[in-house]
Amino acid sequence: MATLKAVRGTRDLLPPETELWNRVEATARAVFARYGFGEIRTPLFEATELFARGVGEETDIVSKEMYTWDDRARAASEKPQSLTLRPENTAGVVRSYIEHKMDESGLLQKLFYIGPQFRRERPQRGRYRQFWQIGAEVLGPAWSGSDSAVRDAEVLEMLATLLNELGVKGWRLALNSVGSSTDRPRYIAALRTALEPVKAQMCEDNQRRAETNPLRVLDSKDPNDQDIINALPKIADYLDDASRDHFEQVKASLDACGVPYVVDPRLVRGLDYYTRTTFEFTVPDGSGLGTQNALLGGGRYDGLSEMLGGPKAPGIGFAIGEDRLILTLQAQAAEAVTKKLDAFIAPMGIGQNPAALLLAKELRAAGLTVEVGDGTFRLRKSFEAADKLAHRMVIVGEDEVSSGVFTVKYFEAGEQVKVPRSELINVLKSYSIAMQYRAEANRTGYASDGLMADRRDEVAKEALENAVSLAQQVLSKSEKHS
RNA sequence: GCGGCUAUAGUUCAGUGGCAGAACGCCGCUCUGUGGCAGCGGAUGUCGUGGGUUCGAAACCCACUAGCCGCCCCA
């Protein structure tokens, strides 16, 4: 019988990699909380119609990439309902906003989500059929200020902060405005007019796009067509006064906050619902993503709620490709992030197993991560297992149990000390804290091209020094005992 | 959806038609209270799956599956 495998484009996430996933998600949750976002969890599948109306019938996502099926009808007289695994989460959030009449609170809604999405694309590095997005939406009735440029800038500044806290290096924010729902048709018409005389000179793909979706011509990477594309009309010249002013306000706020960005007049997004501000964060080559270098994307969607039959509810949101974020962090990591335990407890002989387990229980209760060996292990085997798993080994032998003074071996330093049981937790803990701060300083020390990284480094360094000196005090005290 | 490359031990890979290999890792012994070294020994396996050519296939041919690269698209 053929062995069963994860289906094409899906994969298992295993330790120790899941550790990194958890850190990314915990960091995202902490940042979102500081900016006043609450979590929303919407269903993995929705009525197909939601995505057709929200994302757009003509987009590739809806027209060829969705997992759609007919759900069984309840009665013979009923038509089966067409359902779809969500290919993105914004439509679901807005559907939920409408369904629960969130607009009636009159307040701005700030919602974030973390979860899997599904698109039937050909798998590649950084592109999977089940992939994870971390996203957030800010929306509400216009009188809640949901259409204000300050919301756009706040979301972008939050993303810059999040990427810096995660330690993503070299990110680049590309920004554009695609105009209001009336600007866009005028611009598309102008594009068509400008493309008409020149499109015959362009590559096959661009000729097709010129017909079906002229905006996408701007995305083209074909080197031969670049001169023609650069000469095409710019969206900026087709924005009405309100949209132009809105975009200027977004840029002014970003400047004030020190968030670096590049205005890219060719940045157009593929989903129909985007209006005004659109953006994309990319990472440099060599960050583990190949050509899938877009880490996250998003934009404003002032008309989406109405497209779904809801009240007017302007909004802005983004989605981070979590799989890509993880790949980037892994590629950029200076050293492997395999986390070691605080201590490995090595019982000397089967008779010491109960004492070792008791010690492990106490250390674990004190918040330390601990693994226990086996008294049948040879000392050498204990050493090898301990060195692989932990920073330190605590030897539990007959002498130790009767005297109450334990031997602690530090693998990195190659030293060992005798520590009375009463001091054991403090000694192990202070070193562990120092290790944590050192790791933190290593990680955030690189986030230099964003916000406030300098100040955070100082705090981390200071804390590290304190922890190390505390650890040394405790150690020297315990050495006197021995 | 299109084009290309790849698939052999836990991992990285070698193997151009004649006994299934190396390195690292793993297990054991030298060696049951101070290891990491060294020496000796051991197990690695549906050679992605299915078919075909051949006296003989990991190798050549076909199909399929999966991964990767480039498009398309997107996060």
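Remember, it's a predicted structure, so these values are computed and weren't measured experimentally. Chain A is the first sequence line, chain B the second, and so forth, proteins listed ahead of strands; every chain is numbered from 1.
The backbone N or O of A:C203 sits less than 3.5 Å from a side-chain atom of A:D225, completing a donor-acceptor pair. Remark: side-chain polar atoms of A:S243 are not paired, donor with acceptor, to backbone N or O of A:G179 under 3.5 angstrom. Using modelled atom types, one side-chain atom of A:K169 and one backbone atom of A:Q332 make a donor-acceptor pair closer than 3.5 Å. Remark: side-chain polar atoms of A:R127 are paired, donor with acceptor, to backbone N or O of A:R122 under 3.5 angstrom. A:H246 places no side-chain N or O within donor-acceptor distance of the main-chain N or O of A:T277, the cut-off being under 3.5 Å. No donor-acceptor distance shorter than 3.5 angstrom exists from the side chain of A:S96 to the backbone of A:G92, with no hydrogens or angles considered. Judged by distance alone, with hydrogens and angles left aside, the side-chain atoms of A:S146 form a donor-acceptor pair with the main-chain N or O of A:P314 at under 3.5 Å.
Nucleotides B:rU16 and B:rG56 have their C1' atoms positioned 16 Å apart, rounded to a whole Å. A gap of 13 Å separates the C1' atoms of B:rG18 and B:rA58, to the nearest Å. Distance check on atom C1': B:rG50 versus B:rA43 gives 30 Å, rounded to whole Å. Only the C1' atoms considered, B:rC62 is 23 Å distant from B:rC55, to the nearest whole Å. Comparing the P positions of B:rC13 and B:rC68 gives an interatomic distance of 14 Å, to the nearest angstrom. Look at the P atom in both B:rU54 and B:rA66: the space between them is 31 Å, to the nearest Å. Taking atom P on both nucleotides, B:rC47 is separated from B:rG21 by 14 Å, rounded to a whole Å. For the P atoms, the distance from B:rC37 to B:rA23 is 16 Å, rounded to whole Å.
OP1 or OP2 of B:rC72 lies within a sub-4.0 Å distance of a side-chain N or O belonging to A:R209. The phosphate of B:rU32 has neither OP1 nor OP2 within less than 4.0 Å of any side-chain N or O from A:K381.
Both A:F281 and A:R120 sit near RNA chain B, but only A:R120 has its closest nucleotide nearer the 5' end. Of the residues near RNA chain B, A:L295 and A:R125, the one whose nearest nucleotide (by heavy atom distance) lies more toward the 5' end is A:R125.
If you take CG of A:L389 and C1' of B:rG36, they are 15 Å apart, rounded to a whole angstrom. Counting to the nearest Å, the P atom of B:rC74 and the CZ atom of A:F279 are 16 Å from each other. To the nearest angstrom, P of B:rU34 lies 17 Å from CZ of A:F344. Protein atom CG of A:L14 is 14 Å distant from nucleotide atom C1' of B:rG10, rounded to whole Å. Atom C1' of nucleotide B:rG35 and atom CE of A:M348 are separated by 11 Å, given to the nearest angstrom. For the pair A:Q124 CD and B:rC72 C1', the computed distance is 10 Å after rounding to whole Å. Atom-to-atom, CZ of A:R380 to P of B:rC27 comes out at 11 Å; the value is rounded to the nearest Å. A:F411 has its CZ atom 10 Å from the C1' atom of B:rU34, to the nearest Å.
Within 4.0 Å (heavy atoms only), A:E400 reaches at least one base atom of the nucleic acid. Residue-level contact check: A:G298 touches neither bases nor backbone, having no heavy atom under 4.0 Å from any strand. Nucleic acid contact for A:G375: none, since no nucleic acid atom lies under 4.0 Å from a heavy atom of the residue. Within 4.0 Å (heavy atoms only), A:D399 reaches at least one base atom of the nucleic acid. Looking at heavy-atom distances under 4.0 Å, A:E398 makes contact with a base. Using a 4.0 Å heavy-atom distance criterion, A:L296 is classed as a sugar-phosphate-only contact. Across all strands shown, A:G297 has heavy atoms under 4.0 Å from sugar-phosphate atoms exclusively, and none from any base.
Checking B:rA75, B:rC68, B:rU34 against every side-chain atom of A:Q416, the shortest atom distance belongs to B:rU34.
A donor and an acceptor atom sit less than 3.5 Å apart, one in the side chain of A:R127 and one in the base of B:rC72. In terms of polar N and O atoms assigned as donor or acceptor, the side chain of A:R378 never comes within less than 3.5 Å of the base of B:rG28 in a complementary pairing. Residue-to-nucleotide contacts include no donor-acceptor pair under 3.5 Å from the side chain of A:R129 to the base of B:rG67. A donor-acceptor contact under 3.5 angstrom links the side-chain atoms of A:R324 to the base of B:rC74.
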Here RNA chain B, pairs taken as Watson-Crick or G-U under 3.5 Å and shown with ( ), [ ] when crossing and | when to another strand, reads (((((((..((((....[..)))).(((((.......))))).....(((((..]....))))))))))))....
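No hydrogens or angles considered: nothing links the side chains of A:R266 and A:N176 as a donor-acceptor pair under 3.5 Å.
Classification of A:K388 and A:E384 as a salt-bridged pair fails, no side-chain N sitting under 4.0 Å from a carboxylate O. Classification of A:D152 and A:R276 as a salt-bridged pair fails, no side-chain N sitting under 4.0 Å from a carboxylate O.
Ring centroid separation for the pair A:Y187 and A:Y238 comes in under the 6.0 Å cut-off.
In this structure, A:F131 packs face-to-face on the six-membered ring of B:rA75, meeting both the 5.5 Å centre cutoff and the 30° plane limit.
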Please list, pair by pair, any protein nitrogen or oxygen found under 3.5 Å from a nitrogen or oxygen in nucleotides 24-26 of chain B.
| residue | atom | partner | partner atom | Å |
| --- | --- | --- | --- | --- |
| B:rC26 | OP1 | A:K388 | NZ | 2.7 |

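Screening A:R53, A:R95, A:R86 against A:E46 for a salt bridge (charged side-chain N to carboxylate O under 4.0 Å, His left out) leaves a single residue, A:R95.
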